[in-house]
Asker: 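Attaching a single structure in structure tokens format; questions to follow.
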Protein chains: 2
Amino acid sequence: MNIQNTILGLLMSGPKTGYVLKQMFDSSLGFFAGASFGSIYPTLRKCEEVGLVKMDLEIQNGRPNRKVYSLTPKGRKGFLSALRADLIVSPYRNEFLTKLFFFSYLDAREREGFVRDYIRYVSEKMDRLAELDTLAGVEPDAFQEMCYGFGIRYVRELARNARKLQKEVERHDDPGRKRKGTLRSGKRTQG
Amino acid sequence: MNIQNTILGLLMSGPKTGYVLKQMFDSSLGFFAGASFGSIYPTLRKCEEVGLVKMDLEIQNGRPNRKVYSLTPKGRKGFLSALRADLIVSPYRNEFLTKLFFFSYLDAREREGFVRDYIRYVSEKMDRLAELDTLAGVEPDAFQEMCYGFGIRYVRELARNARKLQKEVERHDDPGRKRKGTLRSGKRTQG
DNA sequence: TGAGACATGTAACAGGTTACATGATTTC
DNA sequence: GAAATCATGTAACCTGTTACATGTCTCA
């Protein structure tokens, strides 16, 4: 499911322009997939050349003409075959954890700054997902609702995880700060 | 924190060969960062050319000579400056969710197959992380322990999330299976 | 005798992004 | 009158992977 096949998938529900596809990537799919104009337009052209889609020109006055792309039977087959192909999950990458791995080379103020930045980032992501629910350009089907639900739970747990980490970092950098209900006996040595 | 800066970071704790760096990428960092030989060796050479690291050749008999790289003062500064640079989180990508978005074009058997594949993938990831704890080539510092803890909680929640999704998909595909609050009228085909 | 660890390296390819280029229309 | 929206497109670049190439030693 590279960009080409994702575009074909989006065309399954009807003809669309590159511009509209970009909006879908930025909204509905934004949480787990994305594409820039610099990849969308060349991909559409390439798909047309190999007969996966056909293009209909819609003449407009004042504005650039719209190029409306629709799936050919070959394109439909191509998409379904890609969709059915084995699931290959690309490795998880996390910029923040990479920095955390090297936190010992920073001072406490810097460390806590990065943790706050990350929590802010995750919170914004949560907010944007929550907004999506309100907007909802096209009615999502049952599975797209599940995508959304998965995303909501995912970012919620990510935020929880990050806050837990924040406390660990704070406790490390200033052990005297939060002496309240800490049960030394119940604390396990991680490792 | 691209590969170059991550490599410099790993050299902070002492000189290493490209081969050893690869092992670290595959084990300690494997959960959130990675690199292939095809990027490690050219990067080391490039870093040497611009004076970020220096190379010491260790002659071996029988085996290829080891090229042991160590940080120069310039390399140390370069790494610290990269580490302190603003946190830029690259967008979350998820191949499975992309497929889920298009699940309506599959039949129930195919859908449940993909969900099972994903759960298996996440479980394996969990197992590999748990093993890491046992192995632990180098003693991790406090923040590296936190990385590890974050990872453990992350995959655990991911697994929980995936199982919840699995139930939703099953309930959708066979509403009669788990009758709890569902008011669906039609009887399902048996078999 | 075959697999896997040790050890380095290159070339071709993949799969994108960013910045640039163009230009009218609508909205604040 | 500035900014955002509509609408398409190209070229240069980035950052990395995969596959190939080479060769010895060790262990089962």
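Letters go in sequence order (proteins before strands), and every chain restarts at 1. Given the structure is predicted, the values throughout are model-derived calculations rather than measurements.
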Asker: Could you check how far CG of B:Asn5 sits from C1' of D:dG16, rounded to whole Å?
Answerer: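 For the pair B:Asn5 CG and D:dG16 C1', the rounded distance is 15 Å.
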Asker: Taking the six-membered ring for Trp, are the ring centroids of B:Phe103 and B:His172 within less than 6.0 Å of each other?
Answerer: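 B:Phe103 vs B:His172: aromatic centres not under 6.0 Å.
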Asker: For the pair made of CG in A:Leu44 and P in D:dT10, what is the distance, rounded to whole Å?
Answerer: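 My rounded result for the distance is 12 Å.
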Asker: In Å and rounded to the nearest 0.5 Å, what is the CG to NZ distance from A:Asn5 to B:Lys99?
Answerer: 8.5 Å
Asker: So if I define the base as every atom that isn't primed, P, OP1 or OP2, how would nucleotides 15-20 of chain C read as a B/S/- string at a heavy-atom cutoff under 4.0 Å?
Answerer: -SBB--
Asker: If we fit an axis to the first five pairs and another to the last five of the helix from C:dT1-D:dA28 to C:dC28-D:dG1, what angle do they make, to the nearest 10°?
Answerer: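 The helix from C:dT1-D:dA28 to C:dC28-D:dG1 shows an end-to-end axis angle of 50°.
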Asker: Are B:Gln60 and C:dC6 close enough that a side-chain N or O sits under 4.0 Å from OP1 or OP2?
Answerer: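 No, because none of the side-chain N or O atoms of B:Gln60 sits under 4.0 Å from OP1 or OP2 of C:dC6.
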Asker: Let me know the distance between NZ of B:Lys46 and C1' of D:dC14, rounded to the nearest Å.
Answerer: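 In whole Å, D:dC14 C1' and B:Lys46 NZ are 10 Å from each other.
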Asker: Does anything in residues 9-27 of chain B reach DNA chain C, meaning a heavy atom under 4.0 Å, and if so which residues?
Answerer: B:Thr17, B:Gly18, B:Tyr19, B:Gln23
Asker: Please find out if less than 6.0 Å separates the ring center of A:Phe102 from that of B:Phe143.
Answerer: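 No, the ring of A:Phe102 stays outside the 6.0 Å limit from the ring of B:Phe143, centre to centre.
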Asker: For B:Lys164, which residues count as a salt bridge (Lys or Arg N to Asp or Glu O under 4.0 Å) partner, sequence neighbours excluded?
Answerer: none
Asker: Tell me: OH of B:Tyr41 to C1' of C:dA11, nearest whole Å?
Answerer: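 Rounded to whole Å, this separation is 17 Å.
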Asker: To the nearest 0.5 Å, how far apart are CZ in B:Arg153 and CD in A:Glu157?
Answerer: 11.0 Å
Asker: Please state how far atom CZ in B:Arg45 lies from atom P in C:dT8, giving the value in whole angstrom units.
Answerer: 12 Å
Asker: Do A:Phe32 and B:Phe96 have their ring centres less than 6.0 Å from each other?
Answerer: no
Asker: If you only use heavy atoms from C-beta on, which nucleotide in D:dG23, C:dT10, C:dG23 is closest to the side chain of A:Pro64?
Answerer: C:dG23
Asker: Which pairs count as side chain to side chain donor-acceptor pair (under 3.5 Å) when at least one residue sits in residues 20-29 of chain B, sequence neighbours excluded?
Answerer: B:Lys22-B:Asp26
Asker: I want to know whether B:Tyr92 and A:Tyr154 have ring centres closer than 6.0 Å.
Answerer: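 Judged by ring-centre distance (under 6.0 Å), B:Tyr92 and A:Tyr154 do meet the cut-off.
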Asker: Counting only heavy atoms not in A:Ile88, do more than 12 fall under 6.0 Å of its CD1?
Answerer: no
Asker: Run the salt bridge (Lys or Arg N to Asp or Glu O under 4.0 Å) test against A:Glu110 and tell me which residues pass, sequence neighbours left out.
Answerer: B:Arg84
Asker: Measure CD/A:Glu58 against P/D:dA7 and give the value in whole Å, please.
Answerer: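 Between P of D:dA7 and CD of A:Glu58: 9 Å.
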Asker: Could you tell me how far apart A:Asn65 (CG) and D:dT8 (C1') are, to the nearest whole angstrom?
Answerer: 10 Å
Asker: Can you measure B:Met55 atom CE to C:dA7 atom C1' for me and round it to whole angstrom units?
Answerer: 13 Å
Asker: Whether A:Asp56 and A:Lys54 form a salt bridge (side-chain N of Lys/Arg under 4.0 Å from carboxylate O of Asp/Glu) is what I want to check.
Answerer: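 The answer is yes: the pair qualifies as a salt bridge.
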